[in-house]
Amino acid sequence: MSNRVSVQLFGITREIVGTSALTLDLPKTGQVGELLSNLKEQYPALTGLRSLLVAVNGEYAELNQPLHPNDEIALIPPVSGG
Amino acid sequence: MSNRVSVQLFGITREIVGTSALTLDLPKTGQVGELLSNLKEQYPALTGLRSLLVAVNGEYAELNQPLHPNDEIALIPPVSGG
Amino acid sequence: MVSITTEPIDMNAAYQHVSTDAAGAITFFFGTVRDNTQNRPVERLEYEAYDRMALAKMQEIADEAGQRWDVRKYAIIHRKGNLAIGDIAVLIAVATPHRADAFDACRYIIDTLKQQVPIWKKEIFEDGQVWVDAHP
Amino acid sequence: MVSITTEPIDMNAAYQHVSTDAAGAITFFFGTVRDNTQNRPVERLEYEAYDRMALAKMQEIADEAGQRWDVRKYAIIHRKGNLAIGDIAVLIAVATPHRADAFDACRYIIDTLKQQVPIWKKEIFEDGQVWVDAHP
């Protein structure tokens, strides 16, 4: 069974990371917060954003939310629609 | 020199009076209030309206405003545009 | 631009009129003919206007809105005559740089128009007709 | 109806969609591409959306508006891709029996959309570009 998850990237996070999707190992805790910390470590420019949320299966997620291999994960930088 | 004024009628006042314009003698005081009182006496149904204002030359007029023969006078029953 | 017309109101022409590169927000308010009033079925409406004064009051209201908010372009168009269910009786269009002004100005204009502009509406029911708000 | 499109937004189709005999009031809010941001000239905008989540959030917002106000019909249409000055980026249309609800619901929808819906806008200037509000 795969322990990898796919993370979709949009807007400035897509430009910072340089791709519109990443495939990552699930973090040890299996939680959103650790995934986000790992990404910020790997791409320090992410820490300069005004906010950076994580969506799991189309809903804004808490940092302690557990992740599962088939989850649809996305980084959500500050939105600016309208 | 004429002492008569023309009064335009709209909506329910037009229907009460039965015409879209009246020609009247200027009242003795020459003021809006007396013109209005005379009309209410002659057409008692006007007293049943929620409000009845007088416009002189396109502006809402006070009751003590003096009238002049060439003034454009109109009765303004409660408005309901929009 | 303020106008009173017997023709159907053209929202595309209104949009063209208010559209400007300086606007980030445009609000439209359409007053439309509803099929009932307090649950009594309405067949149609008749609107009558004291045109000269109505246009002057509409212009005054637009000018006042322009004093209070950053209105770059506007259109206030009122129809008169016989209107059917679904017809547009009035269109208020306001263009501003930012959206709060567009909402506030548009709402001020329609609220004030309904209070001050000499236009009258008669509701025609199956079994009668009434000048709206005429009596207490 | 909620939608995200790369095509120009058709206000006539939106009006047809929300028009209903039960409505006495229809509000439109157009978010349009302004030619400047804080007085810096803008050349064009690029919008990007996380479509799946954006549509779900738009629907949530519409449903919430329907809980709070007497909304009979609505349309929330957001465009994405390259937009030129003057283009319509978003159209919110709301039909209600009475006008206060139409204004309140329309404003709630656009205010909440701007806070919650995962859509991003990049401003392209003559000498650079910036993702709007991305940085403190």
Subject >> Distance flag, aromatic centroids of D:F103 and C:F103, threshold under 6.0 Å >> reply: no
Subject >> Partner chain C: residue of D:N12, D:L91, D:I92, D:I85 with the largest heavy-atom pair count (under 4.5 Å) >> reply: D:N12
**OP:** Specify the closest pair of heavy atoms between D:G86 and C:Y15, including all atoms of both residues, with the distance to one decimal.
**Re:** O-OH, 4.2 Å
Subject >> C:R34 (side chain) donor-acceptor with D:P97 (main chain) under 3.5 angstrom >> reply: yes
**OP:** Would you check if C:R107 and D:R99 make a side-chain contact, meaning some heavy-atom pair closer than 4.5 Å?
**Re:** no
**OP:** Kindly indicate whether the side chain of C:T27, heavy atoms from C-beta on, has any atom under 4.5 Å from the side chain of D:T27.
**Re:** no
**OP:** Name the member of D:A23, D:A102, D:A89 that forms the most heavy-atom pairs with chain C at distances under 4.5 Å.
**Re:** D:A23
Original post:
Between C:D104 and chain D, which part of the residue has a heavy atom less than 4.5 Å away: side chain, backbone, both or neither?
Top reply: both
**OP:** Kindly indicate whether the side chain of D:F30, heavy atoms from C-beta on, has any atom under 4.5 Å from the side chain of C:S19.
**Re:** no
Subject >> Contact winner vs chain D - C:T20, C:V94, C:T37, C:I110, heavy-atom pairs under 4.5 Å >> reply: C:I110
Original post:
Is it the side chain or the backbone of C:A93 that comes within 4.5 Å of chain D heavy atoms, both, or neither?
Top reply: neither
Subject >> Contact winner vs chain D - C:I88, C:V42, C:V90, C:N36, heavy-atom pairs under 4.5 Å >> reply: C:I88
**OP:** Output the distance between atom OG1 (C:T32) and atom CD1 (D:I26), rounded to the nearest 0.5 Å.
**Re:** 4.5 Å
